[in-house]
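Note sheet for the following structure.
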2 protein chains.
Amino acid sequence: MQAAPAPTRHDQATRLLHQCGATVTPARVRVLQLLLAADAAMSHQSLQQAAAASGHPFDKVTLYRVLDWLTGQGLVHSVAGHDRVRRFSLMNPHHAHAHFECSVCGRLFCLRGSLASAALELPPGFASDRVDITVHGRCAGCTAAATAPRSRGKDPGV
Amino acid sequence: MQAAPAPTRHDQATRLLHQCGATVTPARVRVLQLLLAADAAMSHQSLQQAAAASGHPFDKVTLYRVLDWLTGQGLVHSVAGHDRVRRFSLMNPHHAHAHFECSVCGRLFCLRGSLASAALELPPGFASDRVDITVHGRCAGCTAAATAPRSRGKDPGV
DNA sequence: TGAAAAAATGCAACTCGGTTGCAAAAATGC
DNA sequence: GCATTTTTGCAACCGAGTTGCATTTTTTCA
């Protein structure tokens with residue numbers, strides 16, 4: 001997280017907002033910028049910290065509301081991890097995609113690419129609507145940290 | 001829920017506890033009984049209500065601790081729903097099984113039977129450990145209630 | 001059996017993610 | 001410009017889950 005995100009990201013965020021025909025507010029742009037720059041899904045807390053680190057802290061409630069709004073607009077989607085914390089990431093074009101939750105650092109990634117179509121048999125009367133697939137395991141960062149413990153020590157704190 | 005659960009369930013619960021060689025305490029037995037009788041995963045809250053309804057309320061913390069202990073023993077497993085509430089159910093013999101979360105009433109069921117093996121491609125460095133599959137949709141009860149709205153009105157309040 | 005150690009329970013206070021109510025500020029419509 | 005709507009900010013609140021500690025129960029073992 002740089003002190004000043006690249007102008008391209010600001011434009012990108014603004015464009016995304018214009019595309020869904022709603023007011024472009026600084027808070028929305030800034031949240032989108034942060035999400036555009038993120039390599040993993042971000043929690044409310046990590047977004048707040050990132051904003052605070054860049055000198056413009058979010059109000060807690062405003063951030064929740066912006067995230068709700070973005071989710072409602074379909075620009076962003078949220079996933080709750082095993083720690084019961086919601087994490088947000090840009091809605092990517094892969095309509096149905098799986099997630100990866102690292103059991104070491106807790107970070108959550110969106111997996112792109114071939115999603116296994118899970119053919120499950122449901123009990124009678126049950127109607128399937130959407131299937132969520134979450135892979136649990138160790139992310140690249142934590143695998144590297146485990147094999148080379150010297151380079152460890154950076155807990156993303158997401 | 002009956003005032004006194006069937007003795008078979010009490011025995012069943014006691015046997016399960018003996019099998020893992022730990023102290024059989026009334027709290028543990030009662031929690032297991034409730035879970036044995038449940039048709040869907042139960043939240044901490046619904047367990048507390050069920051216990052209170054039968055005249056022997058649980059202490060909040062004791063219940064959490066019993067649930068943690070049961071989970072640690074592998075007798076029970078917990079799943080967090082989209083509402084960030086953990087729900088507990090007996091560990092069933094199907095080692096890997098999928099879940100069904102009803103988007104109307106919020107209840108969570110364990111699906112038994114053929115689990116589609118999700119063949120996902122992970123980014124380099126990522127190691128898969130376990131795959132969680134949750135189907136979202138409408139459960140049998142809510143489907144029935146929707147087609148025959150007259151018979152509605154029972155919100156399980158889970 | 002009976003005392004000491006360990007495990008389980010109960011209560012109060014607390015943390016933390018998230019929400020609600022309401023007033024101030026900014027944007028929009030005319 | 002002025003009225004209406006939307007967004008923002010603050011404070012108080014809610015509910016799931018945890019922690020600390022004292023009390024009770026169970027287990028151990030001399």
Side-chain angles (χ1 to χ4, degrees), chain A residues 13-14 17-18 20-32 34 41-52 55-73 75-89 101 106-108 157-158, chain B residues 13-14 17-18 20-34 41-52 55-73 75-88 101 106-108 157-158:
Chain A
T14 312
L17 287 171
H18 272 132
C20 59
T23 354
V24 178
T25 72
R28 288 173 187 169
V29 174
R30 290 210 298 130
V31 171
L32 276 180
L34 289 170
M42 294 186 80
S43 63
H44 176 274
Q45 187 188 225
S46 63
L47 282 166
Q48 253 200 159
Q49 286 174 351
H56 296 278
F58 283 122
D59 173 71
K60 184 173 96 162
V61 180
T62 301
L63 179 48
Y64 276 119
R65 285 198 273 234
V66 166
L67 288 169
D68 281 351
W69 186 89
L70 288 171
T71 306
Q73 295 297 316
L75 289 175
V76 153
H77 80 298
S78 77
V79 199
H82 80 290
D83 56 2
R84 308 188 320 115
V85 174
R86 283 193 304 189
R87 288 178 171 75
F88 301 83
S89 65
E101 185 175 4
R107 283 194 296 179
L108 199 145
V158 179
Chain B
T14 313
L17 287 171
H18 273 132
C20 61
T23 357
V24 177
T25 73
R28 287 172 189 172
V29 173
R30 291 209 298 130
V31 172
L32 275 180
Q33 275 179 258
L34 290 170
M42 294 185 80
S43 64
H44 176 274
Q45 187 188 223
S46 64
L47 283 165
Q48 254 201 155
Q49 286 174 351
H56 297 278
F58 285 121
D59 173 72
K60 183 174 99 163
V61 180
T62 302
L63 179 51
Y64 274 119
R65 284 198 273 235
V66 166
L67 288 169
D68 280 350
W69 185 88
L70 288 171
T71 306
Q73 296 296 316
L75 289 174
V76 154
H77 81 297
S78 77
V79 199
H82 79 290
D83 55 1
R84 307 189 320 119
V85 173
R86 282 193 304 189
R87 287 178 171 77
F88 300 85
E101 185 175 5
R107 283 195 296 181
L108 199 145
V158 177

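All chains are named by letter (A, B, ...) in the order of the sequence lines, taking the proteins before the strands, and each is independently numbered beginning at 1. Note that the structure is a prediction, hence the values are computed from the model and not measured.
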Discussion item. If I compare all heavy atoms of A:Val61 with all of A:Asp59, which pair ends up nearest, and what's the gap?
Written reply: N-OD2, 3.1 Å
Worksheet item: Stem ranges for DNA chain C, with three or more consecutive Watson-Crick or G-U pairs under 3.5 Å?
Response: C:1-30 with D:1-30
Discussion item. Restricting to ring-ring contact (aromatic ring centres under 6.0 Å, His included), what partner residues turn up for B:His44, sequence neighbours left out?
Written reply: B:Tyr64
Worksheet entry | Qualifying residues under side chain to side chain contact (heavy atoms under 4.5 Å, CB included), relative to A:Thr14, sequence neighbours excluded | A:His10, A:His18, A:Val24, A:Val29
Worksheet entry | Minimum heavy-atom distance between B:Phe58 and B:Ala27, given as atom pair plus value | CE2-O, 4.0 Å
Discussion item. For a quick check, with a 4.0 angstrom heavy-atom cut-off, what is the B/S/- contact string for nucleotides 23-28 of chain C, read 5' to 3'?
Written reply: ----SS
Worksheet, complete the sentence: When rounded to the nearest 0.5 Å, the distance separating CD of A:Gln45 from CG of A:Leu47 is 10.0 Å
Response to the item:
Here the distance between atom C1' of C:dG17 and atom CG of A:Asp83, to the nearest Å, is 10 Å
Worksheet item: Taking only residues two or more places apart in sequence, or in another chain, which ones meet B:Val76 in a side chain to side chain contact (heavy atoms under 4.5 Å, CB included)?
Response: B:Leu32, B:Leu35, B:Leu70, B:Thr71, B:Phe88, B:Leu90
Discussion item. Treating primed atoms plus P, OP1 and OP2 as sugar-phosphate and everything else as base, which nucleotides of nucleotides 13-20 of chain D get B, S or - for protein heavy atoms under 4.0 Å?
Written reply: ---SBBBB
Item to complete: Tell me, please, which residues at least two apart from A:Asp68 pass side chain to side chain contact (heavy atoms under 4.5 Å, CB included).
Response: A:Arg86
Worksheet item: Mind checking what makes side chain to side chain contact (heavy atoms under 4.5 Å, CB included) contact with B:Ala52, not counting sequence neighbours?
Response: B:Pro57
Discussion item. Just to verify, what does B:Ser78 make a side chain to side chain donor-acceptor pair (under 3.5 Å) with, not counting sequence neighbours?
Written reply: none
Discussion item. How many whole angstroms separate atom CG of A:Leu63 from atom C1' of C:dC16?
Written reply: 15 Å
Worksheet item: Measuring from B:Arg87:CZ to B:His77:NE2, what's the distance to the nearest 0.5 Å?
Response: 12.5 Å
Worksheet item: In whole Å, what is the span from the NE2 atom of A:His56 to the C1' atom of D:dT8?
Response: 16 Å
Fill in: B:Leu17 CG to D:dT26 C1', straight-line distance once rounded to whole Å
15 Å
Fill in: Phosphate OP1/OP2 of D:dT6: any A:Thr25 side-chain N/O under 4.0 Å
no
Fill in: Summary of side-chain hydrogen bond (donor to acceptor under 3.5 Å, both in side chains) pairs that have at least one residue in residues 22-32 of chain B, sequence neighbours excluded
none
Fill in: Atom-pair distance (CG on B:Asp59; P on C:dT9), nearest Å
10 Å
Worksheet item: What integer distance in Å separates A:Arg28:CZ from D:dG9:C1'?
Response: 15 Å
